[in-house]
> 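What follows is a single structure, and I will ask about it in a moment.
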2 protein chains.
Amino acid sequence: MKGRTTLKDVAKIAGVSIGTASMAINHNPLVNEETRKKVLEIAAELEYVPNEIARRFQAQRTNTIAVVIPHTASHVFSHPYFNGIFLGITEVLEKYGMTLNISTSPAETDEQSAYQKILQNRAADGVIVASAAATDKNAFRFAQLGYPVVFIGDFLEEGITSVGVDDYAGAFEATEHLIKVHGFSRLAHISGPLEHSSARTRLDGLLEALQAHQLELLPSDLYEGDYSQEAGYVGMKRLIALDDPPRAVFIGNDLMSVGALQALGEAGLSAPKDVAIVSFDDVHLAQLTSPPLTTVRQPIKELGHSAAEILMERLTGDVDTGSWQRTTDGQHHKFETKLVVRRSCGCTGGDS
Amino acid sequence: MKGRTTLKDVAKIAGVSIGTASMAINHNPLVNEETRKKVLEIAAELEYVPNEIARRFQAQRTNTIAVVIPHTASHVFSHPYFNGIFLGITEVLEKYGMTLNISTSPAETDEQSAYQKILQNRAADGVIVASAAATDKNAFRFAQLGYPVVFIGDFLEEGITSVGVDDYAGAFEATEHLIKVHGFSRLAHISGPLEHSSARTRLDGLLEALQAHQLELLPSDLYEGDYSQEAGYVGMKRLIALDDPPRAVFIGNDLMSVGALQALGEAGLSAPKDVAIVSFDDVHLAQLTSPPLTTVRQPIKELGHSAAEILMERLTGDVDTGSWQRTTDGQHHKFETKLVVRRSCGCTGGDS
DNA sequence: TCCCCTTTTTGAAACGTTTCAAATTTCTCA
DNA sequence: TGAGAAATTTGAAACGTTTCAAAAAGGGGA
């Protein structure tokens with residue numbers, strides 16, 4: 001690591017000034033073709049590689065995009081949802097030659113930290129915030145401070161750019177499926193954390209659909225989870241321990257459904273025979289459970305893709321829109337969802 | 001982003017020199033307590049945040065560790081294995097206040113690229129290489145160039161530091177389980193890519209175990225996959241299409257087993273009734289399939305953890321060893337594996 | 001040969017920080 | 001009160017690159 005060959009070395013040996021060497025290497029048309037060739041030759045010979053940090057320093061930009069997720073690394077790397085997000089983002093950044101910086105919080109309670117790490121350092125040219133609570137004040141500081149930032153989720157405030165899915169319609173459709181196709185007149189719900197707008201909106205969609213059929217959600221039929229497998233497990237345990245357990249449950253995401261199925265299994269029950277289940281996300285896991293999950297598909301990868309693309313637009317001026325259906329008011333982009341019918345709801349249909 | 005307050009501003013207003021301001025902010029004991037207080041006050045007032053890039057530039061270090069994985073982002077983010085690796089690494093880096101940079105290749109064939117991105121930029125203080133082929137020349141350049149690097153996998157060359165698991169023993173145990181507990185006298189194998197030492201070594205373990213019981217692997221009973229779900233699917237299709245299909249298969253990782261189960265299902269067959277399956281990894285998925293997979297557990301998170309810890313040792317001098325069983329000759333660290341018996345092999349045991 | 005125009009090269013400044021030898025101030029004690 | 005020591009502050013260099021005004025070199029026509 002010591003004494004790397006620097007531009008100065010190249011220049012000296014090539015017998016030109018540092019400025020010229022720099023321009024030669026950066027294909028600046030100002031330099032004579034002969035000179036460039038010589039410089040490039042020497043550079044190759046000396047195995048010169050530009051010092052990226054110095055470059056960033058002088059250009060005052062980092063070539064890095066940070067994804068801020070106010071959860072622990074353990075949470076983030078065990079939820080398949082984030083894999084999809086990362087994948088979508090990476091695809092875009094690769095195209096632009098940018099680097100991805102995943103910023104998590106050391107402790108689940110420590111919301112501050114993930115933001116501060118970025119904010120304090122100014123170590124990214126732009127930020128994508130994913131899975132923030134609607135109440136998360138820190139998240140909004142980015143935008144207020146004029147940092148280029150895109151939110152993933154339903155953040156509809158003025159002055160904020162966001163990319164989300166139609167949680168409401170998805171939940172509505174899921175609920176109606178259980179009511180209209182399978183004839184249930186009572187539904188339970190295992191929700192995500194209700195200070196997250198995704199969880200809140202899915203609950204709203206459920207309630208609205210129930211109401212459309214003159215039905216209600218019993219307070220004891222609602223369990224607020226946190227999108228983790230564990231929460232689904234506990235939630236389902238609770239529900240089946242009720243005096244009169246519900247026969248159909250809408251679960252806020254697939255991972256919780258996995259936990260719920262586990263709870264059913266341990267109680268000697270099974271879906272859809274004893275309890276019909278519909279959930280949300282359609283991550284890879286959803287096809288693997290038994291029964292495979294009927295679930296509302298959201299275009300997770302596209303969310304990441306889109307967020308990154310919008311951010312890069314802001315940073316560079318380019319434009320590229322994806323292929324999923326989406327609506328936008330210029331600031332808030334919303335993708336559509338669709339119900340994927342498998343077997344956990346009682347349907348006997350296909351498997352993918 | 002323009003005109004951020006800089007150290008110069010703070011110094012000027014505080015009425016001290018830039019040097020003093022710098023020392024005050026970095027809690028250098030040389031500066032007078034009074035002075036420090038004043039500087040810190042002004043800094044807070046001006047909302048001064050140090051320019052991280054400038055710091056890195058002057059210190060000539062990046063505070064970043066790169067994980068180089070010579071596969072596409074899509075491959076990486078869809079394999080649960082890497083989640084575990086990331087998780088383990090992140091835990092350590094968080095402790096040291098380092099940043100993680102995940103470096104993938106734009107195309108599967110483009111082995112070079114992932115390395116070059118790092119190498120060309122010198123954009124990381126150290127590197128962890130995961131899932132490289134044993135034949136991958138690029139990987140070794142890091143080490144040769146004196147870059148601090150740790151390999152995850154069985155790279156036993158002199159002068160290379162690596163962290164791996166005992167693939168051989170794991171495969172041996174899995175094979176013996178099928179032979180001794182379930183009485184099979186013929187086994188098939190769906191392997192990973194054989195230019196990867198993990199796949200090669202698992203095959204060796206299988207062969208050795210077979211030989212110990214005077215058994216052989218028929219050439220037609222070996223399918224070389226690439227650790228993807230798709231490969232498991234195709235491999236199993238092939239095997240059950242044989243005139244005399246095998247009744248027991250050792251599959252190189254869990255993800256391929258998922259594909260294999262899918263193939264069985266489509267053919268109207270099931271495990272373990274028609275084909276017994278034992279696989280490798282014990283990722284989260286393994287518990288979810290039906291039947292749940294009997295599989296060789298490897299401590300994936302600990303691999304990442306350990307690799308990062310060793311790398312940080314090299315960079316800083318600290319020492320911390322984990323809790324899993326591991327052997328080491330100072331350069332090559334090897335974790336033990338253990339067979340987790342579930343139901344895909346024909347056992348009727350527990351579920352976790 | 002001289003002048004002007006074009007092409008190419010040079011040299012220095014700038015980016016924001018840390019470091020450290022030298023300068024300055026403050027303190028201690030005879 | 002003054003000398004020497006200790007504590008504190010200063011100022012400039014250094015990190016490696018890009019940029020750009022100014023200088024130099026080259027070329028063409030009168």
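All figures in this text were calculated on a predicted structure; none of them were measured in a lab. Reminder, nothing fancy here: chain letters follow the sequence lines and each chain counts from 1. FYI, side chains are in, hydrogens and waters are out, and symmetry mates aren't considered; it's all heavy atoms of this structure.
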> Do B:N26 and B:R55 get their side chains close enough for a donor-acceptor pair, meaning under 3.5 Å?
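Checked: B:N26/B:R55 side chains pair up, N/O donor to acceptor below 3.5 Å.
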> Could you say whether the aromatic ring of A:F57 and the base of D:dT17 stack, counting only centre distances under 5.5 Å and plane angles under 30°?
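Stack criterion not met.
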> Would you indicate which nucleotide in D:dT18, C:dT17, C:dT8 comes nearest to any side-chain atom of A:N26?
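Selected nucleotide (nearest to the side chain): D:dT18.
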> Tell me: CG of A:N63 to C1' of D:dT17, nearest whole Å?
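The answer, rounded to whole Å, is 14 Å.
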> Roughly how many Å is it from CD in B:Q58 to P in C:dC20, rounded to a whole number?
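Rounding to the nearest Å, CD of B:Q58 and P of C:dC20 are 10 Å apart.
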> Just checking A:S22: base, sugar-phosphate only, or nothing, at a heavy-atom cut-off of under 4.0 Å?
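A:S22: base contact, heavy atoms under 4.0 Å.
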> Expressed in angstrom and rounded to an integer, what is the separation of A:K8 atom NZ from C:dG11 atom P?
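It works out to 14 Å between those atoms.
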> Is the shortest side-chain N/O distance from B:N32 to OP1 or OP2 of D:dT8 below 4.0 Å?
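Affirmative; the distance criterion is met.
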> Taking B:I69's backbone N and O only, do any of them form a donor-acceptor pair with B:T104's side chain (distance below 3.5 Å, no angle check)?
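Between the backbone of B:I69 and the side chain of B:T104 there is no qualifying donor-acceptor contact (under 3.5 Å).
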> Rounded to the nearest angstrom, tell me the gap between atom CG in A:L30 and atom P in D:dA21.
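Spelled out: CG on A:L30 to P on D:dA21 is 12 Å.
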> Considering only residues two or more places apart or on different chains, which pairs with a residue in residues 43-65 of chain B satisfy ring pair (Phe, Tyr, Trp, His ring centres under 6.0 Å)?
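For residues 43-65 of chain B: A:F57-B:F57.
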> Taking CG from B:N28 and P from D:dA7, how many angstroms apart are they, rounded to a whole number?
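Answer to the nearest Å: 14 Å.
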> Starting the side chain at C-beta, find the nucleotide from D:dG16, D:dT9, D:dT18 nearest to B:V31.
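Nearest to the side-chain atoms of B:V31, counting from C-beta on, is D:dT9.
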> We want to know whether A:H333 and A:S306 form a side-chain donor-acceptor pair, criterion being a heavy-atom distance below 3.5 angstrom.
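No - no donor-acceptor pair under 3.5 Å links their side chains.
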> To the nearest angstrom, how far is A:R61 atom CZ from C:dC15 atom C1'?
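Computing the A:R61:CZ to C:dC15:C1' distance gives 15 Å.
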> Would you mind reading off the distance between B:I18 atom CD1 and C:dC20 atom C1', rounded to a whole angstrom?
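Nearest whole value for this atom pair: 15 Å.
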> Would you indicate which nucleotide in D:dT18, C:dT17, C:dT9 comes nearest to any side-chain atom of B:P50?
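So the nucleotide nearest the side chain must be C:dT17.
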> Answer yes when B:E91 and B:K95 have at least one side-chain N-carboxylate O distance shorter than 4.0 Å, and no when they do not.
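Looking at B:K95 together with B:E91, the answer is no, because their closest N to O distance does not fall below 4.0 Å.
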> Given atom CE of B:M23 and atom C1' of D:dA12, what is their separation to the nearest angstrom?
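Whole-Å distance recorded here is 14 Å.
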> On DNA chain D, nearest-nucleotide positions of B:S17 versus A:T20: which is more 5'?
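The answer here is B:S17.
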> For a quick test of reading the model: is some side-chain N or O of B:R55 closer than 4.0 Å to OP1 or OP2 of C:dT18?
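Result: yes.
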